[in-house]
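Heads up, the thing below is written out as structure tokens.
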Amino acid sequence: MNKKAFIFDLDGVIVDTAKYHFLAWQKIAKSLNINFTHEHNELLKGVSRVRSLDIILELGNVQASQEDKDKWLIQKNEDYLTYLVDMDESEILPGVFKILQLLKEKNQAIALGSASKNARPILEKTGILSYFDVVVDGNDVTNAKPDPEVFLKAAQLLQIDQKNSIVFEDSVAGIQAANIATMTSVGIGDKTILHEAQYIFKDFTVIDESFIEKLIN
């Protein structure tokens with residue numbers, strides 16, 4: 001059987017930590033009198049923490065010193081981490097576990113490719129770290145999506161050619177990164193937002209074994 005690299009984003013793909021990022025960013029925005037909505041939050045998907053803050057400041061037309069930015073970045077992460085304390089396997093999104101098990105049964109290579117700097121503790125808390133042969137997160141890369149660095153590094157560590165790699169993403173930037181890397185892009189979420197993906201599913205519950213077989217072969 002062919003061996004492919006299956007690379008998963010974390011937030012919004014494997015676990016629903018996106019809601020915690022939103023709450024933490026909203027708290028920062030509120031302190032700066034910036035109205036930050038769920039619609040605005042779409043702009044931050046797949047984007048680094050530094051760029052996310054810049055986007056929020058741009059929304060409020062707020063100028064800030066690097067010192068203030070650094071302080072807010074630390075504050076945001078501390079707030080976010082408080083939400084993660086009680087995380088467990090119930091945070092895994094529907095259908096994800098089934099797909100991970102299926103890929104293991106079919107002896108496929110599995111990696112995480114995420115901008116999150118908290119990816120490893122999240123995988124540990126949800127009990128699925130052992131499913132991943134490789135974890136590449138925000139601590140391992142310098143360029144944010146749509147730069148494909150995180151996915152290219154994952155494929156390299158798995159020792160599988162990028163053209164034999166499949167990426168599961170819920171963000172426009174992530175889909176663009178996969179496409180730039182000439183990897184197969186699978187969007188998880190809204191097809192109107194993720195229309196650049198080669199395949200799109202609303203979630204993992206509608207992905208069946210025949211689709212995985214198709215990707216492998």
Side-chain angles (χ1 to χ4, degrees), residues 1-21 45-46 84 86-141 145 148 150-171 174-175 177-178 181 183-191 194 197-217:
M1 184 178 281
N2 300 325
K3 190 158 188 172
K4 299 286 177 72
F6 286 82
I7 307 170
F8 294 79
D9 178 41
L10 180 67
D11 296 336
V13 174
I14 289 176
V15 287
D16 189 14
T17 47
K19 61 190 175 188
Y20 300 138
H21 283 294
K45 279 190 173 180
L84 302 187
D86 299 321
M87 276 193 89
D88 58 24
E89 65 276 1
S90 68
E91 296 278 358
I92 299 171
L93 288 166
V96 171
F97 195 61
K98 174 193 74 176
I99 296 299
L100 290 176
Q101 284 183 310
L102 185 61
L103 292 173
K104 275 293 177 199
E105 286 167 15
K106 294 185 179 297
N107 195 34
Q108 296 301 300
I110 305 174
L112 189 90
S114 169
S116 171
K117 292 193 172 184
N118 304 297
R120 286 174 179 83
I122 289 171
L123 293 177
E124 283 173 1
K125 281 179 173 290
T126 52
I128 55 173
L129 180 61
S130 62
Y131 281 89
F132 293 86
D133 303 301
V134 162
V135 174
V136 181
D137 66 13
N139 299 297
D140 306 311
V141 295
K145 302 166 191 173
V150 68
F151 298 145
L152 292 171
K153 188 160 190 175
Q156 184 182 14
L157 290 171
L158 291 170
Q159 298 183 308
I160 292 177
D161 189 272
Q162 62 207 63
K163 287 184 171 60
N164 290 321
S165 302
I166 298 101
V167 171
F168 294 90
E169 261 286 355
D170 74 321
S171 73
I175 293 298
M183 297 178 174
T184 301
S185 55
V186 183
I188 303 295
D190 189 332
K191 62 184 177 185
L194 304 175
Q198 287 162 268
Y199 303 96
I200 306 169
F201 298 91
K202 69 178 178 66
D203 58 35
F204 281 96
T205 63
V206 291
I207 298 180
D208 59 19
E209 187 170 348
S210 63
F211 176 69
I212 297 299
E213 289 277 8
K214 178 180 168 183
L215 292 175
I216 293 169
N217 299 312

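In what follows, every heavy atom counts, from backbone to side chain, and hydrogens, waters and symmetry copies are set aside. All figures in this text were calculated on a predicted structure; none of them were measured in a lab.
For Ala178 against Val167, the heavy-atom pair with the smallest separation is CB-CB, 3.7 Å. Closest approach of Asp140 and Val136 over heavy atoms only: OD2-CA, 3.5 Å. Of all non-hydrogen atoms in Ala111 and Leu158, the two that sit nearest each other are CB-CD1, 3.7 Å. Looking at every heavy atom in both residues, Ser165 comes nearest to Ala155 through OG-CB, 3.7 Å.
For Lys163, the NZ atom counts as loosely surrounded, since its 6.0 Å shell holds 12 or fewer non-hydrogen atoms of other residues, nucleotides or ligands. Atom NZ of Lys191 has 12 or fewer neighbouring heavy atoms from other residues, nucleotides or ligands inside a 6.0 Å radius.
Remark: Leu93 pairs with Asp16, Val96 by the side-chain contact (heavy atoms from CB on, under 4.5 Å) rule, at least two apart or across chains. Applying the side chain to side chain donor-acceptor pair (under 3.5 Å) rule to Glu124 yields no partners; only residues at least two apart in sequence or on another chain are considered. Take Asp161 and apply the salt bridge (charged side-chain N to carboxylate O under 4.0 Å, His left out) test, not counting sequence neighbours, and it matches no residue.
A salt bridge between Glu169 and Lys145 is present, with a side-chain N of the basic residue lying under 4.0 Å from a carboxylate O of the acidic one.
Not a single donor-acceptor pair under 3.5 Å links the side chain of Asp11 to the backbone N or O of Thr17. Within the 3.5 Å criterion, the main-chain N or O of Gln198 finds a donor-acceptor partner in the side chain of Ser185. Looking at Lys98, its side chain does come within 3.5 Å of a backbone N or O of Ile207 through a donor-acceptor pair. Using a distance-only test at 3.5 Å, with no hydrogens or angles considered, a donor-acceptor pair links the side chain of Ser171 to the main chain of Gly174. When atom types are taken as modelled, the side chain of Gln156 and the backbone of Gln162 share no donor-acceptor pair closer than 3.5 angstrom. Asn139 places a side-chain N or O within donor-acceptor distance of the main-chain N or O of Lys117, the cut-off being under 3.5 Å.
Rounding to the nearest 0.5 Å places CG of Leu10 at 5.0 Å from CD1 of Ile122. With values rounded to the nearest 0.5 angstrom, Ile99 atom CD1 is found 11.5 Å from Ile14 atom CD1. The line from CD1 of Ile188 to CD1 of Ile175 is 8.0 Å long, rounded to the nearest 0.5 Å. Taking CD1 of Ile166 as the reference point, atom CD of Gln108 lies at 7.5 Å (rounded to 0.5 Å). Rounding to the nearest 0.5 Å places CG of Leu194 at 12.5 Å from CZ of Phe201. Asp170 contributes atom CG, which lies 11.0 Å from atom CG of Asp190 (distance to the nearest 0.5 angstrom).
Ring geometry for Phe97 versus Tyr131: interplanar angle over 60°, hence perpendicular rather than tilted (30 to 60°). Between Phe168 and Phe6, the ring planes are parallel. Angles under 30° get that label, and only those over 60° would be called perpendicular.
You'll find the side chain of Met183 reaches within 4.5 Å of the side chain of Leu152, heavy atoms only. Looking at heavy atoms from C-beta onward, Leu129 lies in side-chain contact with Val135 at the 4.5 angstrom threshold. Residues Lys19 and Glu91 form a side-chain contact, since some pair of their non-hydrogen atoms from C-beta on lies under 4.5 Å apart. The closest side-chain heavy-atom distance from Val150 to Ile7 is not below 4.5 Å. Taking 4.5 Å as the limit, every side-chain heavy atom of Asn164 sits out of range of all side-chain heavy atoms of Asn2.
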*When you look at Phe8 and Leu103, which way does the side-chain contact (heavy atoms from CB on, under 4.5 Å) test go after all the steps?*
CA-CA 12 Å; Phe8 294 79; Leu103 292 173; 3.7 Å; yes

_Derivation and outcome, side-chain contact (heavy atoms from CB on, under 4.5 Å), residues Asp133 and Lys104_ = CA-CA 10 Å; Asp133 303 301; Lys104 275 293 177 199; 3.2 Å; yes

*For Lys106 and Lys4, what are the C-alpha separation, side-chain angles and deciding distance, and is it a side-chain contact (heavy atoms from CB on, under 4.5 Å)?*
CA-CA 10 Å; Lys106 294 185 179 297; Lys4 299 286 177 72; over 6 Å; no

*Which is it for Arg120 and Leu112 under the side-chain contact (heavy atoms from CB on, under 4.5 Å) test, yes or no, and what are the steps along the way?*
CA-CA 9 Å; Arg120 286 174 179 83; Leu112 189 90; over 6 Å; no

